[in-house]
Amino acid sequence: MTEPSIFTRILDGEIPAEIVGETDRVFAIRDIAPQAPVHLLVIPKTAEYRDVAELAAGDPALLAEMVALATRLAGSHTDDGDFRLVFNTGENAGQTVFHVHAHVLAGGLTEKSVGA
Ligand code: 5GP
């Protein structure tokens, strides 16, 4: 059996984190190492999909639900509702947790903070 991902452990309450938004199938937390004034992670509750490419192929409605929650949270965490949505996909692109998640980055972003 594979180990549960860090995000599954957070969802199960094994690792503390404040859930800042949630739907039936998606939840959001603050990134522990923020790369922008607003840096949230939007994560499906299922760990079935490793990355956004797998998710888009396997359950596009779930991907749309992630984008909808990201949009809603950007609306409540920023003045203007503008945000960047980043899916690191693959180890060489900086992905470290292979349970698909979106980085929601906003507020005072500069070009330097793109590579979160
Ligand atoms: P990745 O590098 O896979 O695109 O993103 C994983 C993100 O998860 C990183 O930005 C990292 O800071 C964040 N992260 C890793 N462990 C934890 C944790 O225990 N709590 C929270 N809130 N974020 C975490």
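Both ligands and their constituent atoms are indexed starting at 1 by order of listing.
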Residue part near ligand 1, for [X], under 4.0 Å between non-hydrogen atoms:
{"X": "N88", "answer": "side chain"}
{"X": "T96", "answer": "both"}
{"X": "H101", "answer": "side chain"}

What atoms in ligand 1 come closer than 4.0 Å to a heavy atom of [X]?
{"X": "V97", "result": "3 (O), 6 (C)"}
{"X": "A33", "result": "12 (O)"}
{"X": "F7", "result": "8 (O)"}
{"X": "D31", "result": "7 (C), 8 (O), 9 (C), 10 (O), 11 (C), 12 (O), 13 (C)"}

Okay, side chain of [X], backbone of [Y]: is any donor-acceptor separation there less than 3.5 Å?
{"X": "S76", "Y": "L73", "answer": "yes"}
{"X": "E65", "Y": "P44", "answer": "no"}
{"X": "D51", "Y": "A53", "answer": "yes"}

- Between CD1 of I19 and CD1 of I10, what distance do you get to the nearest 0.5 Å? 8.0 Å
- Message: Could you measure the distance from the NE2 atom of H103 to the CG atom of N88? Nearest 0.5 Å is fine.
- Response: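 Atom-to-atom, H103:NE2 and N88:CG are 4.5 Å apart.
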- Sole residue of V42, I15, I43 in side-chain contact (heavy atoms from CB on, under 4.5 Å) with I29: I43
- Query: Do you know which of L62, L69, T46 makes side-chain contact (heavy atoms from CB on, under 4.5 Å) with R25?
  - Reply: L62
- Message: If the contact criterion is a heavy-atom separation under 4.0 Å, does Q35 count as touching ligand 1?
- Response: no
- Query: Is V86 near ligand 1, meaning one of its heavy atoms is under 4.0 Å from it?
  - Reply: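 No, that is not the case, since the closest heavy atom of the residue is not under 4.0 Å from the ligand.
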- Message: When you compare ligand 1 with G94, is there at least one nitrogen or oxygen pair between them that comes in under 3.5 angstrom?
- Response: yes
- What do you reckon, does R30 have a nitrogen or oxygen under 3.5 Å from a nitrogen or oxygen of ligand 1? yes
- Taking 4.0 angstrom as the limit, do E3 and R9 come out as a salt bridge? no
